[in-house]
Every structure is written in structure tokens, then in C-alpha cells.
Amino acid sequence: MQNYALAIVLAPLMGAIIAGLFKVSRTIAHSVTIGAVAMSFLLSVYVFIEIIFWGHEPFNETLYTWLVAGNIRFEIGFMIDSLTTLMMVVVTFVSLMVHIYTIGYMQDDPGYQRFFSYISLFTFAMLMLVMSNNFLQLFFGWEAVGLVSYLLIGFWFNKDTAIYANLKAFLVNRVGDFGFVLGIAAVLMTFNSLNYVEVFNLAQSGEYEKTISLFSGTEWSIMTVICILLFIGAMGKSAQFPLHVWLPDSMEGPTPISALIHAATMVTAGIFMVARMSPLFELSETALSFVLVIGAITAFFMGLLGIVQNDIKRVVAYSTLSQLGYMTVALGASAYAAGIFHLMTHAFFKALLFLGAGSVIIAMHHEQDMRKMGGLKKYMPITYWTVLIGSLALIGFPGFAGFFSKDAIIEAAHHAYDIRGGWEAGFAYYAVLLGVFVTALYTFRMFFLTFHGKERMDEHTRKHLHETPWVITGPLIALAIPSIIIGILTIGPLLFGHYFDGAIFVTDKHKPFDPEHYHGVINFIWHGLFQWPLALAGAGVLTAYVLYIQRPEWPAMIAKRTDLAYRILVDKYGFDRFNDWFFAGGTRKIGTGLWQIGDVKLIDGLLVNGSANTVAWFSGVIRNVQTGLLYHYAFAMIIGLTVLLGVFVL
């Protein structure tokens, strides 16, 4: 198992090194990186079969000790259990599809080899994160995906908007990562170890129910502090309110990386981390409530922003924000399995939607405004049907992947509301329930504006419209298949079976799903047909159809009559404006002030130049005394002798 683990992790790294550091042709660059990721995928499937179907024991070993400080060991090692294997298969499969898709999407880009190097390095970083067995390696993978995302979002570095976007992503994630590293430090301080198993066993022993004084006169549970700090890291990586602002702007990067970042890698890292830390989060009701509220705000309010977006990629980006909120609600409701289940299904259909949007953008000669599209169904049939599959999966159409995972999250939120009570659980339940209508509305608004209705593109674009090549449509078809069937195949073992036994811990009082209530896929679908989510999803699709197909003049009228609400949504609740004014603008003003006053006036003006000016002035005065005339010197001597004589007499 150790050799397999090393091969899975190191293959993408080797591909990245070859494509990035050596002068190789385009063919070699994409061949070696695709081959490396394909090998990782096949080996991940083999390891998955070994552990899940053949019953092999989970692998948890240290491979290398990096540092020993007293009795604390900083190690590199792997933990491969049911949770890890699921993530490995999802990450490598989606990454493989993105690699293949990139051949077509980036074929005319001068940075072709560099892009393949980056996405392969991204895959390596995510695998290191999900396969780690300790907090040190987790932090390495955590920071590595952040670094590579910075490089990829700003891949077109000659665009000012791309540079702004990657700096924004980097800085916002620094805020989250500051909390994350404090959480790891708190773990080390409390448990004197960074190894997952050791920390989890000590936490569950009940010996660490102690408090810490954060402020004078206040006492906090140490487990609450640890969990909230770790979750602040997840808020940055998984773009949860209010650290969500970087994700929509990350659309400035090429479409393949939008799919990779937003489907199965960086943004899901926070969800995975909280699920992995379930033995800690289960010990803090406060932390779970905090997670629940943050997820609910993100799920509903970020979804609303998707309704007013006109850039096709940004609609899908805000959809990602909303769906990450759903996953976070599941975590806060202790339905970690449902959160990971939705992470998996979402990875397939969201990658499909991003790559489908990229296919449309290529056909439209890199036009992304949906108001300049329409009627693309007859020109792009493969893209049309695959995007329709992704859209149906996203809104939770019965039988599709998203139906099972989204309904499970809503049920878990409802269960938490019934069991725990409190406004937090109630708010979360109604937020994810109403979010179903919002999701269906913005998804099919995008779908109808793009593929149906009047053709709004210019004549030149219309004449050259055609389906994209197989390197684009092939990955779309490959992703469409699991977007349909993966929920049917996996709901039983993942939610109601024993798949996550030993990998995810839930206390008896928090368990959201009773296996005895599950009677198979058909009954689950039948039950869902008579629940609110399906009715709300149908209402959302119908509303989108009426507004954008039957009565396309109505949206402008509605926007005019609800001008204040519309402007708030277009302004994205003012977060970007506030951040630009307070954080970016404020820090720039502070920096400018320190430069003008501290550097220019105080240091340069007073200390450095001031000293020089004083010496120059004094030298000028002395120089005027040295005239070179003998009678001036004689007069000065007489004056000096007179002064000395006067002093002597006094």
C-alpha cells in the first residue's frame, strides 16, 4: 500500500516538473501530465477496490520524520481509509478530465506547457492534503493548493483583472489560513501531538474538557476554540461567508482551472478537513452551531447573487458558493457523510457545468455574456445535452446525482432542527429549503438564455458556430455519466451503510440518518416526489421559463420595480466595495501615510536629508568666514583676544 500511495502522489508531481522545468514540446507536456494523472486515477481506483471491496485494513503509516523537538514529532505520512479513497478517486478523475479538456481549450495559448505543469502540480497538492495522516502534512497541502491557485487564477498575468483576482484570492485565504494555523497550534499545545489518530483518541478520552481564557474574565472550551479556528481556515478555502469574495473573481483564470478549483480540489479542501476532524467537532456544540449558521448564510444569500449575473462562468461560480454552503450546513448538522456525499456528486456535475460553459465560450469566440447568446441548441447538441444533465443534477431532479445528496442535506438540517432546536438550526433548514428554488431559478436562467430563445449573437459569430472538438466534448460525456448514476449507486452505503465507519465519528445524539428508515433507491425517489424540495425546484424552473422564454421583457421590468434589491444584488451586498475601501483601500492609505510621513518626511527628510542639510548649512556658514583676506583674520584675532580678556577680567 505504501508504494501505491507514493506513486499516486508523486506521479502528478513528476509530470508537473517535466512539463514546467524542461523545454519540451506541447505534445510531450500534455502527454506526460495526462499519463501521470491517469496513473494516479487507476491506482486510486485499485486502492479503493482493495479497501472497500476486498476488505483490506486502512493504511496509516509514517514514511518520514522531518523534525523532532523534545517529544513532539513532525512527520510525513499517509492515512488511506474509506474517506481518503473516495476523495482520491474523485480528485484524480475530475483532474484527468480537466487535463484532457485542456488540450482543446488552451491549444492556441502560448503558456500551454506552463498551464499543464500548474494543473498537475495542483493535483499533487490536493492529493497530499487528503492523504495526510497529520496536521503538518495537511498544512503543507493546504498552503500548496492555495499557492498553485494563485498561479492559475493569474495565469494570464498580462491582464490587470487576473492579477487583481489572484492577489484577492491569495490575501483572503491568508485571513483564513491565519485562523487555521492558530487552530493547529492550539491542537499542538493541547495534545502535544500532530498525528490525527493520537489527537482524536486523546480528545475522545474525555480528559481534555478544559477551558482557556481568551479575554479577561471569559472562559472558552478549548475544543470550541480549536474547532472554530480550524473552521476559519475552511471558511477561506471553501469560500464561506464572509471570506467568499475571492471565488467569483477567480473566473479570471482559464475555464479548465475554474472547473478544477471549484469542483474537486481547493474549495472542497475545507469540507474534507472538517469531516476528517469530526471527532473534534462532535465535542463542541458551539462550533457546530457556528458552522451551521455560516453554511446557511452562504447557501442562500450567495445563491441569490447568481440570479443577476450575466457572465456564464460567474453564474456557475455563485452556484459553487451556494453548494459549498449546503455542504457546510451538513457538517454543522453532524451529517458529515451527507456533506462528503454532496461533495462527490457536486464534483462531477459542477465540473461538467464549468467545462460545458467553456465549450460555449470557445464556440462563441470567447464571449461570456449570456445576453449575447441564445439558440445554441441546434449548433452544439452534445454540449446542450451534457449541460442539461449537469443542470438537472444541480437542481436535484429526481434520479440525478444531486437529488440524493441535496435532499439528504435538507433532511439532515430538518433533523437537526427537530433534535437541537434553537434559531440556528431553524434558520439553516429554511435557508437550504428556499435555496432549492433559487438554485433552480439561476441554473435554468443560464440554460435558457444560452441554449434557447432568440439568437442574440452577431452575424459573424453565428456563421462560425459549431460543436467543439472531441477533446472538449469527450470529457463532458465522461462527466455526464456519473452526474446521472453516481447517486443511485452510492447513496445506500455512503449515507445508510457502514462506508464511513472508522473514518467519520458522530455521537449517538447527533446521528442524522437511521438506516432502518432507508428502503432502497426507488423508495427514496418516491418519497422525494412528495416533498417540498421537488416542488420548489419545479417552481424555479417554471419561473425561469416564463421570465426568459415566454416573457423576456419581464426581468427588466421586475429589476426596475425592485431597484433597491436589484442594486444590492448587483453590488454583491457591498462586500467588494467594503473590502476595497476598508481593507485594500484602507491598508493602501495607511501604507501611503507611513511612506509619506514616516519614510519621506521623518526618515529621509529629517534624519537622513536633515542631517545632511544641517551639515551643509553649517559648512556654508563656516566657509563664509574663510575669506582668504589677511585683515579679516587679524580682525577676528583681535575680537577673540578682546573676548578672552573680558572673560578674564570678569
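The analysis underlying the following values was restricted to heavy atoms, covering all of them including side chains, and did not include hydrogens, waters or symmetry mates. Sequence positions, counted from 1, serve as the residue numbers for this chain.
The environment of Lys572 atom NZ is dense: over 12 non-hydrogen atoms of other residues, nucleotides or ligands sit within 6.0 angstrom. Within a 6.0 Å sphere centred on CH2 of Trp156, heavy atoms belonging to other residues, nucleotides or ligands number more than 12.
Interatomic distance, Met380 CE to Glu467 CD, rounded to the nearest 0.5 Å: 5.0 Å.
For the ring pair (Phe, Tyr, Trp, His ring centres under 6.0 Å) test with Phe241, the passing option among Phe301, Phe300, Phe575, Tyr573 is Phe575; the others fail.
Taking the ring axis of Phe170 as reference, the NZ or CZ atom of Arg174 stays within 45° of it and closer than 6.0 Å to the ring centre.
Ring centroids of Tyr118 and Phe122 are separated by 6.0 Å or more, keeping the two rings apart. For an aromatic pair to be called close, the ring centres must be under 6.0 Å apart, and Phe447 with Phe444 satisfies this. You'll find the ring centres of Tyr545 and Phe448 inside the 6.0 Å limit.
Side-chain contact between Ile257 and Phe115: present, with at least one pair of heavy atoms (C-beta onward) separated by less than 4.5 Å. Phe155 is listed as a side-chain neighbour of Met106, based on a closest heavy-atom distance under 4.5 Å. Using a 4.5 Å cut-off on side-chain heavy atoms (C-beta onward), Leu352 and Met97 make no contact.
We find that Lys168 and Glu252 are not joined by a salt bridge, their nearest charged nitrogen and carboxylate oxygen being 4.0 Å or further apart. Ion pairing between a basic and an acidic side chain is recognised when a charged N comes within 4.0 Å of a carboxylate O; Arg371 and Asp311 show no such pairing.
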**Stepwise ring-ring contact (aromatic ring centres under 6.0 Å, His included) check, Phe341 with Phe404** = CA-CA 9 Å; Phe341 185 31; Phe404 298 99; 7.3 Å; no

